Protein chains: 2
Amino acid sequence: MEDQPRWLTDEEMEAWLALVSMLIKLPQALDGQLQRDAGISHFEYQVLAGLSMSAGRTIRMSELAQLADGSLSRLSHVVSRLEKRGWVRRCTDPDDGRYTLAVLTDDGWQKVVETAPGHVATVRECVIEPLTKAQIRQLRDIGRRITDAADPGGTCPG
Amino acid sequence: MEDQPRWLTDEEMEAWLALVSMLIKLPQALDGQLQRDAGISHFEYQVLAGLSMSAGRTIRMSELAQLADGSLSRLSHVVSRLEKRGWVRRCTDPDDGRYTLAVLTDDGWQKVVETAPGHVATVRECVIEPLTKAQIRQLRDIGRRITDAADPGGTCPG
DNA sequence: CTCATTTACTTGAAGCGTCAAGTAAAGTGA
DNA sequence: TCACTTTACTTGACGCTTCAAGTAAATGAG
């Protein structure tokens, strides 16, 4: 990749190690709380939450995949499971038969309403409260820059 | 969790969404590069790198698990695979038969030497270079605070 | 010295994500 | 209008992680 691989300085290494730990521990904390209290994964929550915020609680699979930061294939599997649990229905888009519309059922809406407060509390506890207001702005900027660098041009999901 | 769930402000939500995207995209980028160029996962790299930095290229499983931020069970499975590929050996600690020592073989050392430059380059590209020097320090502090909040007291691995 | 407990690790089954391959509808060119 | 391509999604197999249960060595109580 480079002839002379530039190693990391001490400062860079400290930041990198702190980031790696966060990358492991934070998803565990988020998934753990949702799994214990609601029996769903963080990704499933993102799917339900994305649906709940869509007009008519309905959205195309491909748009939902982007909202929830996942591949279409992953979403398809997850929606199948959510369908079995009665929280989501699928139907073909009448305007264009290639699209599939995911629809949040009343039970699914209820599930989001029940689950959201606990999830938000965990996010506050793990992310918002440990940081100062300035750090929250810093985090937004840092997060965006790293995301752009890691995924230049926002993925074409497979 | 709270009677009156405090929702997130716009600033908090922006930071949170940026963080969630980073949480998805960065591991994908890191795993992707290592998988393509070296045929190993990021976790496997962390295990090999942890071993390569240990005295005598030898370390107890439980210490290695903490170094690599993973459960003992996960590590055990991964070391089994690395053993099959000839990069790691296991032996019982002569001082205390309950401990297992993982030892990096010469082939394993060679693998780390081959793989490290490309991995470091990806870390530079995705994390270090997109940020200013100030942001790198901010990231270290933010990462530590979030990790502490998400995992109060540094896990007892299962 | 013996039995129970603790510690450190291993193992097998179950579930989720990814990848490659497949299907079906819509668009395109002759 | 008939094939060819593209788009949107689904499906099945495989690999990895987690969880629960198990093993084996060391420690501790009586």
Side-chain angles (χ1 to χ4, degrees), chain A residues 23-25 27-36 39-47 58-85 88-103 151 155-158, chain B residues 23-25 27-36 39-47 59-85 88-103 155-158:
Chain A
L23 245 39
I24 304 286
K25 299 297 170 59
Q28 276 177 358
L30 296 167
D31 271 323
Q33 180 270 324
L34 284 167
Q35 204 60 252
R36 275 191 309 279
I40 60 178
S41 68
H42 185 231
F43 185 71
E44 289 173 321
Y45 176 82
Q46 286 193 105
V47 168
T58 299
I59 189 172
R60 292 176 173 172
M61 291 291 280
S62 38
E63 290 177 39
L64 187 53
Q66 288 202 287
L67 254 186
D69 284 310
S71 68
L72 202 43
S73 168
R74 182 181 185 182
L75 181 66
S76 184
H77 285 297
V78 166
V79 167
S80 297
R81 280 174 245 145
L82 297 177
E83 232 175 349
K84 273 181 203 138
R85 304 230 239 165
V88 175
R89 279 186 304 107
R90 263 190 260 231
C91 60
T92 302
D93 189 331
D95 298 345
D96 184 333
R98 288 171 302 180
Y99 289 95
T100 301
L101 299 174
V103 186
D151 181 27
T155 335
C156 4
Chain B
L23 245 39
I24 304 286
K25 299 296 169 57
Q28 277 177 358
L30 295 168
D31 270 324
Q33 180 269 324
L34 284 167
Q35 204 62 252
R36 276 192 307 278
I40 60 178
S41 68
H42 185 231
F43 185 71
E44 289 173 321
Y45 178 82
Q46 285 194 104
V47 169
I59 190 172
R60 290 176 173 171
M61 292 291 281
S62 38
E63 291 177 40
L64 186 53
Q66 289 201 285
L67 255 186
D69 284 308
S71 69
L72 203 42
S73 169
R74 182 181 187 185
L75 180 65
S76 185
H77 284 298
V78 167
V79 167
S80 298
R81 280 174 248 144
L82 296 177
E83 232 175 348
K84 273 182 203 136
R85 303 231 238 165
V88 176
R89 278 186 304 106
R90 263 191 263 233
C91 58
T92 302
D93 189 331
D95 298 344
D96 185 334
R98 288 171 301 181
Y99 290 95
T100 302
L101 298 174
V103 186
T155 335
C156 3

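Numbered from 1 within each chain, the chains take letters A, B, ... in sequence-line order. Both backbone and side-chain heavy atoms feed into the values below; hydrogens, waters and symmetry mates do not. Given the structure is predicted, the values throughout are model-derived calculations rather than measurements.
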**Request:** For Ala68(A), enumerate each residue passing the side-chain contact (heavy atoms from CB on, under 4.5 Å) test, keeping only those at least two apart in sequence or located in another chain.
**Result:** Phe43(A), Gln46(A), Val47(A)
Donor-acceptor contact present, side-chain [X] to main-chain [Y], <3.5 Å:
X: Ser76(B); Y: Leu72(B); result: no
X: Glu44(B); Y: Leu82(B); result: no
X: Asp31(B); Y: His42(B); result: yes

**Item:** base_contact_polar (dC19(C) base, Ser73(A) side chain, donor-acceptor, <3.5 Å)
**Value:**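 Yes, a donor-acceptor pair under 3.5 Å.
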**Asked** Has the side chain of His77(A) got a donor or acceptor that lies under 3.5 Å from a partner of the other kind on the base of dG12(D)?
**Response** yes
It should be established whether [X] places a side-chain nitrogen or oxygen under 4.0 Å from OP1 or OP2 of nucleotide [N].
X: Arg81(A); N: dG17(C); result: yes
X: Arg74(B); N: dT17(D); result: yes
X: Ser62(A); N: dC9(D); result: yes

**Request:** Just call it for Ser76(B): base, sugar-phosphate, or nothing, with non-hydrogen atoms closer than 4.0 Å on any strand.
**Result:** base
Length of the line joining [X]:[atom1] and [N]:[atom2], which is rounded to integer Å:
X: Arg98(B); N: dA25(D); atom1: CZ; atom2: P; value: 11 Å
X: Gln66(B); N: dC9(C); atom1: CD; atom2: C1'; value: 14 Å
X: Gln35(B); N: dG17(C); atom1: CD; atom2: C1'; value: 13 Å
X: Glu63(A); N: dC9(D); atom1: CD; atom2: C1'; value: 14 Å
X: Ile24(B); N: dT18(C); atom1: CD1; atom2: C1'; value: 14 Å
X: Arg36(A); N: dC19(D); atom1: CZ; atom2: P; value: 10 Å
X: Leu82(B); N: dC16(D); atom1: CG; atom2: P; value: 10 Å
X: Arg85(A); N: dG15(C); atom1: CZ; atom2: P; value: 12 Å

First locate atom [atom1] of [X], then atom [atom2] of [Y], and finally report the distance between them rounded to the nearest 0.5 Å.
X: Leu101(A); Y: Thr92(A); atom1: CG; atom2: OG1; result: 8.0 Å
X: Thr100(A); Y: Met61(A); atom1: OG1; atom2: CE; result: 6.5 Å
X: Arg85(B); Y: Glu83(B); atom1: CZ; atom2: CD; result: 13.5 Å
X: Leu75(A); Y: Asp69(A); atom1: CG; atom2: CG; result: 11.5 Å
X: Gln28(B); Y: Ser71(A); atom1: CD; atom2: OG; result: 8.0 Å
X: His77(A); Y: Ser73(A); atom1: NE2; atom2: OG; result: 4.0 Å

**Prompt:** Which residues, if any, of residues 90-97 of chain B bring a heavy atom under 4.0 Å of DNA chain C?
**Reply:**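 Those residues are Arg90(B).
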**Request:** Measure from the side-chain heavy atoms of Leu72(B) and tell me the nearest of dT18(D), dA8(C), dT10(D).
**Result:** dA8(C)
**Asked** Considering only dT17(D), dT18(C), dG17(C), which nucleotide approaches the side chain of Phe43(B) most closely?
**Response**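 The closest nucleotide is dT17(D).
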**Request:** Nearest-nucleotide wise, let me know which of Ser41(A) and Arg60(B) is further upstream toward the 5' end of DNA chain C.
**Result:** Arg60(B)
**Asked** the helix from dC1(C)-dG30(D) to dA30(C)-dT1(D): angle between its terminal axes, five pairs each, to 10°?
**Response**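 Comparing the first five pairs with the last five, the axes sit 10° apart.
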